[in-house]
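Please read the structure below before turning to the comments.
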Amino acid sequence: VQLQASGGGLVQAGGSLRLSCAASGRTFSNYVMGWFRQDPGKEREIVASINWSGSSTYYAGSKEGRFTISRDNAKNTVYLQMNSLKPEDTAVYYCAASIGLFESPKSVDYWGKGTQVTVSS
């Protein structure tokens, strides 16, 4: 499956961004989808994931309440709505897909190219 992420950019602290990831090549609803992020010199970490139907979601750490992951299987797209952004949210964000549930980058089957999110203080 091919993943194309978009929506990153520069935003002030407290602002919002919505990331999108369009999938192609395979049946989108067969895949658990998620978002990871990575700072230079740090390991890639999970931000959120959503199951095949969208009925169950997972958020890492303090993301829940500020971030919302959703998917539209008719549009083969997964979204990450990010509100109340903080400078520490600055990172490259990666879209991910896997047949099974995942929390670790090692369990991801497919990666999209990252999109940079920069939050200024």
Listed by chain and number, what are the side-chain hydrogen bond (donor to acceptor under 3.5 Å, both in side chains) partners of [X], not counting sequence neighbours?
X	answer
Ser120	none
Asp39	none
Asn73	Arg71
Asn83	Ser16, Gln81

Just to verify, what does [X] make a side-chain contact (heavy atoms from CB on, under 4.5 Å) with, not counting sequence neighbours?
X	value
Ser55	Asn51, Ser53
Ala22	Thr77
Gln4	none

> Which residue pairs satisfy the ring-ring contact (aromatic ring centres under 6.0 Å, His included) criterion with at least one member in residues 69-103, sequence neighbours excluded?
Replying inline: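 ring-ring contact (aromatic ring centres under 6.0 Å, His included) check on residues 69-103 returns Phe36-Phe102.
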
Minimum heavy-atom separation for [X] and [Y], please, with both atom names.
X	Y	value
Gln116	Val92	OE1-CG2, 3.2 Å
Leu3	Cys21	CB-SG, 3.8 Å
Arg44	Pro105	O-CG, 3.3 Å
Ala96	Val108	CB-CG1, 3.6 Å

Separation between [atom1] of [X] and [atom2] of [Y], rounded to the nearest 0.5 Å:
X	Y	atom1	atom2	value
Tyr59	Leu80	OH	CG	7.5 Å
Gln12	Ser121	CD	OG	9.5 Å
Asn76	Gln2	CG	CD	11.5 Å
Thr90	Arg37	OG1	CZ	9.0 Å
Gln38	Glu45	CD	CD	9.0 Å

Taking C-beta and beyond as the side chain, do [X] and [Y] meet within less than 4.5 Å on heavy atoms?
X	Y	value
Met82	Val117	yes
Asn30	Val1	no
Met33	Ile69	no
Leu101	Tyr58	no

>> Applying side-chain hydrogen bond (donor to acceptor under 3.5 Å, both in side chains) as the test, list every pair that has at least one member in residues 106-115; sequence neighbours left out.
In response: Ser98-Asp109

>> Taking side-chain hydrogen bond (donor to acceptor under 3.5 Å, both in side chains) as the cut-off, I'd like each qualifying pair that reaches into residues 19-28, sequence neighbours left out, listed once.
In response: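 Not a single pair qualifies under side-chain hydrogen bond (donor to acceptor under 3.5 Å, both in side chains).
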
>> Tell me if a side-chain donor or acceptor on Trp52 pairs with a main-chain N or O of Ser29 at a distance below 3.5 Å.
In response: no

